[in-house]
Engineer: 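Before I ask anything, let me first share the structure, which is written out below as structure tokens.
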There are 2 protein chains.
Amino acid sequence: MSKLRSAPTLDDVAKLAGVSTATVSRCLNNPDQVVKATRERVQSAVDALGYMPNFAARVMAAKRTSTIGAIIPTMENAIFARGLQAFQEELHQHGYTLLVSSSAYNPEIEEEQIRTLVARGADGLLLIGHDRNPRIYEDLERRSISTLVAWSYLPDAQIASIGFDNRTAMAELANRVIELGHRKIGMISGISAGNDRARLRIEGVKDAVKQSNLSTSDLTIVETPYEIENGAEAFSKMMSHTKPPTAILCGNDVLAVGALHRAQEMKLQVPKDVSITGFDDIELARIATPALTTVHVPHREMGRKAALELVRMLENQGTGTSAQLATHIVERQSLGPPAGT
Amino acid sequence: MSKLRSAPTLDDVAKLAGVSTATVSRCLNNPDQVVKATRERVQSAVDALGYMPNFAARVMAAKRTSTIGAIIPTMENAIFARGLQAFQEELHQHGYTLLVSSSAYNPEIEEEQIRTLVARGADGLLLIGHDRNPRIYEDLERRSISTLVAWSYLPDAQIASIGFDNRTAMAELANRVIELGHRKIGMISGISAGNDRARLRIEGVKDAVKQSNLSTSDLTIVETPYEIENGAEAFSKMMSHTKPPTAILCGNDVLAVGALHRAQEMKLQVPKDVSITGFDDIELARIATPALTTVHVPHREMGRKAALELVRMLENQGTGTSAQLATHIVERQSLGPPAGT
DNA sequence: ATGAAAAATGCAAGCGCTTACATAACTGCT
DNA sequence: AGCAGTTATGTAAGCGCTTGCATTTTTCAT
């Protein structure tokens with residue numbers, strides 16, 4: 001026996017089957033170019049050897065990886081998981097593999113991850129949100145790597161995006177809050193630097209406030225990382241003011257759940273004493289007590305559409321087309337009219 | 001200008017810097033083998049060209065990928081996210097990259113994912129739990145891919161594992177439940193087929209029941225996929241019996257939260273009318289109302305230790321050493337004595 | 001049967017990198 | 001200055017696969 005403990009190669013298979021490596025390669029990649037008898041002979045050789053193609057070698061020779069990379073801010077909350085699941089299912093349908101990594105909302109880590117994925121030969125890339133160093137886009141362009149942005153729809157951006165209008169979505173929710181009679185409003189936002197979703201959601205609230213002739217002093221905004229604990233902390237700080245808000249809009253469901261939990265600890269009734277809203281409509285929002293009024297984002301649809309668009313871009317060499325998805329407010333129990341109405 | 005729209009190669013860099021490709025390669029991989037002046041010249045060439053090494057080519061030549069693959073059952077709940085985060089941080093420290101994929105608790109998908117990761121050249125693999133087709137272990141062995149199992153500690157298993165004793169951990173919790181006076185017990189477990197963690201947790205409960213001379217008819221077990229909705233469904237079914245249990249142990253926190261939520265919908269007070277416990281101690285457990293009594297699993301420590309052990313295995317060609325981690329019960333509000341005590 | 005077109009297979013040139021080995025350029029010492 | 005020892009750099013052989021082109025085999029209409 002030769003070369004024990006060393007994975008069999010195409011050559012080994014070819015030898016055993018008594019054909020050339022080219023034929024084996026064709027059997028694996030374009031079976032219909034090979035006559036049935038040969039194909040079967042090759043197949044048994046493959047089975048006998050337990051042959052498995054070497055990905056790196058294949059990539060080198062074929063100059064395509066059929067791999068798409070995605071960089072998401074975090075895996076530690078469910079926001080992206082569901083969309084990515086759909087994304088990967090759809091990609092799989094089309095013969096692509098997904099590589100995921102996370103940036104912990106840190107632009108530098110994100111950039112490093114992009115480089116890693118590119119070096120690994122990702123044919124295409126899915127990025128979350130638009131805000132990042134423009135040099136990155138140039139590099140991607142130069143390497144002609146198809147890139148698509150999700151979770152944010154900005155028709156005029158340099159890069160095509162499949163997403164929703166964060167600003168308008170949040171403005172609608174804020175309008176609803178104001179319409180219910182709230183005049184003193186708080187917002188617990190994620191960190192807006194380098195995060196257009198967070199930034200635009202803030203803008204949305206500001207739009208609504210402006211539109212309804214509230215003074216800007218009636219709106220308090222706090223920025224904090226997207227973690228439950230931070231939502232709780234921000235909430236207690238905000239409620240300790242002399243004239244605390246009667247409604248607090250949170251940048252996402254995670255922050256809202258933190259706020260909700262702290263409210264409960266502080267013996268504040270939601271929504272009687274204070275209303276709290278979220279954004280995203282993840283499972284947590286339904287489960288929370290009281291259930292969270294929030295903005296529903298069509299995560300799965302977004303993932304699926306993004307996959308389709310990216311595949312289209314790759315196969316047609318074309319530049320991407322943006323698409324906007326609709327969001328809607330899901331009214332549950334955490335939002336109500338202010339006390340004394 | 002030559003070859004527009006084509007990523008620069010080592011050759012391009014070498015030419016521009018006026019050195020050989022070997023020198024450029026050394027600058028990138030073993031900088032101290034190159035004199036400073038040359039190194040700087042090469043560096044500027046790299047910068048000027050925006051050079052980025054081609055991973056596939058590097059792998060082919062070096063025959064290592066410095067990549068570890070991990071296959072987890074799901075990304076859709078936080079159980080694995082935190083451990084994996086620590087795992088990847090530690091790997092990064094040692095110069096390894098992590099590739100993650102998920103199997104949706106489906107053995108066939110898991111097997112396919114393993115093949116994919118192996119084909120991609122993963123030097124090592126992290127798998128969750130022991131139960132799987134033994135052929136897989138043989139293949140891995142044959143290809144000499146270091147493999148480690150986490151989330152389950154089974155000292156006698158074929159493969160080294162870093163984890164905890166699911167059976168004893170669950171037995172302790174069940175003992176505590178019985179000690180509080182419960183005599184009619186329910187268990188909502190995950191699907192145990194192909195999942196040793198689920199199976200062992202069931203065994204743990206059975207152990208406790210046996211030990212305290214309860215009859216087996218006092219224990220009702222239901223298996224259902226690990227989703228909130230399923231926990232809720234299982235809960236209502238279980239409570240609709242003529243003599244429903246006074247305490248329900250759930251296979252993980254996700255199921256428990258589902259049960260908790262349904263209890264609330266059914267106007268059942270927890271723990272007054274019925275006690276509910278979880279397993280894992282994810283964030284959700286603290287946030288739930290009432291907060292969940294559960295078994296704390298040291299996810300981060302497990303991830304970190306697994307990374308260290310895997311790196312050790314890779315660098316010393318050694319076979320792995322198993323390690324057991326301690327779990328402990330976290331008593332919160334969802335467990336109390338049965339009504340009328 | 002026979003030859004041209006079609007189908008199946010083989011040949012061999014890379015893909016972009018690493019690395020053993022060979023060679024060249026420096027040290028510092030006498 | 002000259003030599004041995006050390007350090008820096010160059011040369012070139014692959015790594016395992018795909019694919020354009022050349023060659024052989026099959027098919028089929030005449």
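Every chain is numbered from 1, with letters handed out A, B, ... down the list of sequences.
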Engineer: With a 4.5 Å limit on heavy-atom distance, are the side chains of A/His94 and A/Leu308 in contact?
Structural biologist: yes
Engineer: Roughly how far apart are B/Phe87 CZ and B/Ile72 CD1, rounded to 0.5 Å?
Structural biologist: 11.0 Å
Engineer: To the nearest Å, give me how far apart CG (A/Asn29) and P (D/dC17) are.
Structural biologist: 11 Å
Engineer: Rounding to a whole Å, what distance do you find between B/Lys15:NZ and C/dG16:P?
Structural biologist: 11 Å
Engineer: Between A/Glu111 and A/Arg115, is the closest basic N to carboxylate O distance under 4.0 Å?
Structural biologist: yes
Engineer: With distance as the sole test, does A/Ser44 use its side chain to make a donor-acceptor pair with the main-chain N or O of A/Arg41 at under 3.5 Å?
Structural biologist: yes
Engineer: Is there a side-chain contact between B/Pro31 and B/Arg39, using heavy atoms and a 4.5 Å cut-off?
Structural biologist: yes
Engineer: Is it the case that atom CD in B/Glu108 sees more than 12 heavy atoms from other parts of the structure closer than 6.0 Å?
Structural biologist: no
Engineer: Is it true that B/Arg312 and B/Glu309 have a side-chain N and a carboxylate O under 4.0 angstrom from each other?
Structural biologist: yes
Engineer: Need the bend value for the helix from C/dA1-D/dT30 to C/dT30-D/dA1: angle between end axes, 5 pairs each end, nearest 10°.
Structural biologist: 30°
Engineer: How far does CD of B/Glu90 sit from CD1 of B/Ile68, to the nearest 0.5 angstrom?
Structural biologist: 12.0 Å
Engineer: Taking C-beta and beyond as the side chain, do A/Val19 and A/Arg26 meet within less than 4.5 Å on heavy atoms?
Structural biologist: no
Engineer: Whole Å only: how far is the CG atom of B/Asn30 from the C1' atom of C/dC17?
Structural biologist: 14 Å
Engineer: With the sugar-phosphate defined as primed atoms, P, OP1 and OP2, and the base as all remaining atoms, what B/S/- string results for nucleotides 4-11 of chain C, 5' to 3', for protein heavy atoms under 4.0 Å?
Structural biologist: ----SBBB
Engineer: Is the closest basic N to carboxylate O distance between B/Asp12 and B/Lys15 below 4.0 Å?
Structural biologist: no
Engineer: Are there over 12 heavy-atom neighbours, none belonging to A/Gln324, within less than 6.0 Å of that residue's CD?
Structural biologist: yes
Engineer: Whole-Å distance between C/dC15 P and B/Asp11 CG?
Structural biologist: 9 Å
Engineer: Any side-chain N or O of B/Ser25 under 4.0 Å from OP1/OP2 of C/dC17?
Structural biologist: no
Engineer: Is there a residue in residues 43-65 of chain B whose heavy atoms reach under 4.0 Å of DNA chain D, and which residues are they?
Structural biologist: B/Met60, B/Ala61
